[in-house]
*Asks:* 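Got a structure for you, written out below as structure tokens; questions coming shortly.
All values below come from the heavy atoms of this structure, side chains included, with hydrogens, waters and symmetry mates left out.
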Amino acid sequence: MLDLRAPGAGVLAPDGKALYFSWRVTGVPQVWKLDGPQRFPVQLTGGEDATLIQEVSPDGRWLVLSRDRKGEENPGLYLQAANGGALREVQHKPGVQTQFQFLSKDGQWLYYRSNDERADSYTLYRYRLADGRRERLFGERGAWSIAGHRDDGRLLLQKTLSNASAEFYLWTPDGKPLQPLLGQGETTDYRMDFGLRDGEYLVRTNKFGEYHRLYLWRAGAFQPLTPETRGDVENLNIDREQGRVYYTLSQDGYGKALALDGRRHYRALKLPAFPGAAQVNVVNLSRDGRYVNFSVETDTAPASNHVWDSKSGKLGQWLLPSTPELDTRGFAKASLESYPARDGTPIPMFVRRPARCAATPCPVVVNFHGGPEGQSRAGFSPQAQLFVDAGFIYVQPNVRGSIGYGKTWLDSDNGPRRLQVLSDIEDAALYIRSQWGAAGVAPKVGVMGGSYGGYSTLAAMTIFAGAYDAGVSNVGIANLVSFLQNTAPYRRALRAAEYGELDRDRAALEQLSPINHIDKLRDPLLIIQGVSDPRVPVGEARQMFRAMAGKGVDGGLILFPDEGHGAAKRENQVLQLGHSLWFFQRHLLGQNGGGAAKAGRAEPGEKHESTGA
């Protein structure tokens with residue numbers, strides 16, 4: 001299943017004649033070049049560190065690359081000649097994030113941000129490609145980034161306050177004070193960029209309704225450009241040369257690409273159709289706007305890349321996904337269903353079923369997404385199919401707090417309010433047991449997830465002990481107090497806005513922490529964690545394992561010393577998925593054999609401890 005690989009959608013060369021993309025066919029993402037539709041790709045970077053393409057210089061001579069080590073999420077920036085060769089370091093410092101922002105239109109300057117001055121703040125810099133000269137542009141305290149730029153040097157600066165709120169300011173190269181534009185004194189979710197005309201801005205916000213719409217903002221007034229509908233506007237791409245605006249409309253976990261013609265009062269533009277697609281996104285555009293790069297994904301095929309010539313109307317598939325030795329047309333399609341929460345609220349979920357489970361009840365694995373402001377979406381999933389092939393019904397809920405269902409839904413779990421909706425986790429199991437059984441026998445139900453989904457798993461196994469028969473938590477939060485104390489400084493303030501403040505909300509944080517309900521744990525639990533994780537530090541996994549060790553509960557702890565927030569290397573992904581699948585086969589299907597190691601036995605690249613096996 002892990003040989004089913006979709007290359008990254010990539011970045012088009014300025015003339016639209018080449019595509020640079022990241023591909024993990026070597027085991028970790030590296031950068032490749034394609035000189036035309038479905039041509040043979042050429043590998044440009046190598047090694048064991050994940051390397052991603054960020055941009056191509058306007059003259060087509062240089063690539064901007066980002067490289068990270070061991071999942072530490074402290075990437076560095078590099079330059080490489082467009083035809084390959086040695087990498088030239090822009091900046092890569094231990095324990096420091098260096099993140100690409102944009103390349104100037106004339107190709108002289110590379111703009112980036114870095115927390116090299118203060119761990120919890122980002123300073124803005126620019127780097128001259130010709131001689132490597134670095135200039136510090138802006139360094140006030142805060143999570144600053146560049147949201148937009150003009151050719152005359154003006155920058156639109158974003159100060160992120162949380163995952164759902166930000167302030168925007170105009171910066172000018174003449175040294176004048178920042179000009180506040182939008183978001184000051186608010187907690188509203190704004191995303192903003194310069195508009196097509198001077199003095200205009202394009203703003204994506206849910207301020208005036210439940211869902212994100214696109215607005216033209218001018219002199220403080222909002223003019224809606226997209227209709228009021230159930231669904232969020234996402235992934236804005238602005239074509240300043242042709243005067244077009246591309247975006248994605250996300251509805252119920254499905255994504256559709258749309259466009260507006262800014263030269264004709266933002267009328268809707270017709271784009272190519274992709275019948276049967278679950279997700280269609282405009283990834284990027286060529287410099288002149290002529291070529292549009294689409295990523296297209298279905299339930300039965302990995303994402304593929306299509307380039308549309310907007311002048312001639314010609315559409316071509318450039319990148320083909322890899323599906324060796326498998327016919328993915330037989331993959332189970334995701335069915336959009338729902339289950340009732342205890343207060344009657346319908347909770348949406350995607351369900352994939354083995355064909356044989358239509359007549360005979362099968363055990364169920366419920367996978368909660370990360371975030372918490374994430375979303376399970378329709379589309380291709382080798383992991384889901386792995387469990388379907390093994391005989392499990394695979395369920396992916398979008399509990400309250402997920403994106404895509406309006407701001408009331410999104411904000412319903414903020415801070416102590418999480419106490420009121422956390423029961424959505426237990427209600428999934430209660431519904432499945434009551435409705436998906438046969439002859440009076442309820443199916444066995446397992447729970448899994450990564451990041452916040454890992455927290456949901458730990459909560460399911462402790463706070464709601466007995467709801468699920470077994471659980472696998474991957475990089476999950478065990479203790480919300482220690483998590484907020486120890487997560488990377490640049491994330492702490494942003495996460496506090498979601499989970500609550502340590503001083504003000506400590507009682508709720510402690511009540512919501514699975515570690516404080518360890519006495520209820522009774523069913524098998526496997527914990528998986530990367531040692532280099534900056535988001536959920538390894539201490540979360542260790543303290544949960546220590547707490548469960550004295551209870552004699554079956555399960556274990558797997559630590560990957562060379563991974564961060566989830567396994568990125570192929571061999572570690574094999575171990576992560578293999579152990580997870582084996583764990584559920586053992587505890588939900590009663591199978592003791594299989595290819596994965598039993599708890600307590602170490603495998604290459606991992607450290608493995610056991611509580612009871």
Side-chain angles (χ1 to χ4, degrees), residues 73 119-122 142-145 158-167 183 186-191 204-207 210-212 232 234 347 368-376 397-425 449-460 463 473-516 533-537 539-540 565-566:
E73 298 185 20
D120 63 349
S121 297
Y122 291 92
W144 294 93
S145 60
Q158 174 177 325
K159 184 180 182 181
T160 301
L161 306 177
S162 74
N163 278 20
S165 62
E167 299 173 348
E186 300 186 59
T187 57
T188 303
D189 190 0
Y190 293 114
R191 294 296 181 267
R204 184 184 70 88
T205 184
N206 59 2
K207 179 176 182 175
E210 281 292 312
Y211 296 93
H212 289 90
D232 285 326
E234 299 178 340
I347 308 298
F368 289 99
H369 65 68
E373 59 283 83
Q375 185 186 35
S376 292
N398 282 311
V399 297
R400 281 173 281 194
S402 306
I403 61 170
Y405 303 95
K407 64 183 178 185
T408 300
W409 189 278
L410 176 65
D411 295 339
S412 62
D413 68 339
N414 289 355
R417 280 182 279 179
R418 182 167 276 102
L419 290 165
Q420 309 304 316
V421 299
L422 193 69
S423 53
D424 289 357
I425 295 171
S451 193
Y452 184 77
Y455 163 81
S456 299
T457 299
L458 296 178
I463 299 173
S473 170
N474 188 12
V475 295
I477 304 167
N479 185 332
L480 286 166
V481 173
S482 61
F483 160 72
L484 289 172
Q485 290 171 336
N486 298 319
T487 192
Y490 65 88
R491 301 187 72 251
R492 189 170 297 123
L494 306 184
R495 292 292 77 201
E498 171 66 38
Y499 294 109
E501 299 287 346
L502 280 170
D503 295 335
R504 183 188 65 206
D505 304 313
R506 194 179 189 99
L509 292 169
E510 291 178 346
Q511 187 176 348
L512 287 163
S513 295
I515 193 73
N516 295 327
D533 192 342
R535 304 190 196 187
V536 180
E540 294 299 303
H565 197 61

*Asks:* For a 4.5 angstrom cut-off between non-hydrogen side-chain atoms, does P397 reach F368?
*Replies:*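 Yes. Closest side-chain heavy atoms under 4.5 Å.
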*Asks:* Under 3.5 Å, is there a donor-acceptor pair between the side chain of N479 and the main chain of I515?
*Replies:*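 No; judged by distance alone, with no hydrogens or angles, the pair does not exist.
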*Asks:* Would you give the length of the straight line joining atom CG of N474 to atom OG of S451, rounded to the nearest 0.5 angstrom?
*Replies:*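 Here the interatomic distance stands at 9.0 Å.
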*Asks:* In the structure I gave you, are the side-chain heavy atoms of W409 and I347 within less than 4.5 Å of one another anywhere?
*Replies:*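 With C-beta onward as the side chain, the pair touches.
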*Asks:* Which pair of heavy atoms, one from G454 and one from S473, lies closest together, and at what distance?
*Replies:*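 Taking G454 first and S473 second, the nearest heavy atoms are O-OG, 3.1 Å.
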*Asks:* Over all heavy atoms of both residues, which pair between Y122 and W144 is shortest? Give the atoms and the distance, please.
*Replies:*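 Taking Y122 first and W144 second, the nearest heavy atoms are CB-O, 3.5 Å.
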*Asks:* Measure centre to centre between the rings of Y455 and F483, then say whether the value is under 6.0 Å.
*Replies:*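 No, they do not, as the ring centres are separated by 6.0 Å or more.
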*Asks:* Measure from the side-chain N and O atoms of D505 to the backbone N and O of A508, and report whether any donor-acceptor pair falls under 3.5 Å.
*Replies:*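 The answer is no, because no donor-acceptor pair under 3.5 Å joins these two groups.
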*Asks:* Does atom CD of E73 have more than 12 heavy-atom neighbours from other groups under 6.0 Å away?
*Replies:*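 Atom CD in E73 is packed in, count exceeds 12.
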*Asks:* Of the non-hydrogen atoms in G183 and E167, which two are nearest, and what is the gap between them?
*Replies:*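 That closest heavy-atom pairing would be O-CG, 3.6 Å.
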*Asks:* Applying side chain to side chain donor-acceptor pair (under 3.5 Å), can you list everything that pairs with S482, at least two apart in sequence or on another chain?
*Replies:*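 By the side chain to side chain donor-acceptor pair (under 3.5 Å) rule, S482 matches E540, Q543.
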*Asks:* When you measure from the side chain of S513 to the backbone N and O of L480, does any donor-acceptor pair fall under 3.5 Å?
*Replies:*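 At least one qualifying donor-acceptor pair exists.
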*Asks:* Find out whether N163 and R495 are in side-chain contact, i.e. whether some heavy atom of one side chain is under 4.5 Å from a heavy atom of the other.
*Replies:*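 Contact flag for N163/R495 side chains = yes.
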*Asks:* If we check side-chain hydrogen bond (donor to acceptor under 3.5 Å, both in side chains) with Y190, which of these qualifies: R204, Q158, K207, H212?
*Replies:*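 That would be K207; it is the only one of R204, Q158, K207, H212 passing the side-chain hydrogen bond (donor to acceptor under 3.5 Å, both in side chains) with Y190.
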*Asks:* Nearest 0.5 Å, please: how far is CZ in R418 from OG in S412?
*Replies:*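 Here the rounded value is 9.0 Å.
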*Asks:* Closest heavy-atom contact between S165 and S162?
*Replies:*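 Looking at all heavy atoms of both residues, the shortest contact is OG-OG, 2.9 Å.
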*Asks:* Between D413 and E498, is there a side-chain heavy-atom distance shorter than 4.5 Å?
*Replies:*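 E498 vs D413: side chains touch.
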*Asks:* State, yes or no, whether a side-chain contact exists between Q485 and L502 at a heavy-atom distance under 4.5 Å.
*Replies:*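 Contact flag for Q485/L502 side chains = yes.
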*Asks:* Would you say R535's side chain and T487's backbone share a donor-acceptor pair under 3.5 angstrom?
*Replies:*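 The answer is no, because no donor-acceptor pair under 3.5 Å joins these two groups.
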*Asks:* Write down the atom of R191, the atom of A166, and the distance for their closest heavy-atom approach.
*Replies:*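 Nearest pair, atom of R191 first, then A166: NH1-CB, 4.2 Å.
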*Asks:* Test your reading of the model: is there a side-chain donor-acceptor pair from N516 to the backbone of E510, 3.5 Å cut-off?
*Replies:*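 Flag set: sc N516 to bb E510 pair under 3.5 Å.
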*Asks:* Hey, are the side chains of L419 and L512 touching, using non-hydrogen atoms and a 4.5 Å cut-off?
*Replies:*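 Heavy-atom side-chain distance check passes, below 4.5 Å.
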*Asks:* Just jot down the side chain to side chain donor-acceptor pair (under 3.5 Å) partners of E234, sequence neighbours excluded, or say none.
*Replies:*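 So E234 forms a side chain to side chain donor-acceptor pair (under 3.5 Å) with R377.
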*Asks:* Using 0.5 Å steps for rounding, measure from the CG atom of N398 to the OH atom of Y405.
*Replies:*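 Reported to 0.5 Å precision, the distance equals 3.5 Å.
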*Asks:* Does the side chain of Y452 come within less than 4.5 Å of E373's, by heavy atoms?
*Replies:*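 Sidechains of Y452 and E373: no contact.
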*Asks:* What pair of heavy atoms forms the shortest contact from G142 to K159, and how long is it?
*Replies:*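 Scanning both residues, the minimum pair turns out to be CA-CE, 4.2 Å.
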*Asks:* Once rounded to the nearest 0.5 Å, what's the spacing between atom OH of Y211 and atom CG of N206?
*Replies:*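 So the OH of Y211 and the CG of N206 are separated by 11.0 Å.
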*Asks:* Between atom CZ of R400 and atom OG1 of T408, what is the distance when rounded to the nearest 0.5 Å?
*Replies:*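 It comes to 12.0 Å.
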*Asks:* Using a 4.5 Å cut-off on heavy atoms from C-beta on, say whether the side chain of T188 contacts that of T205.
*Replies:*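 They are in side-chain contact.
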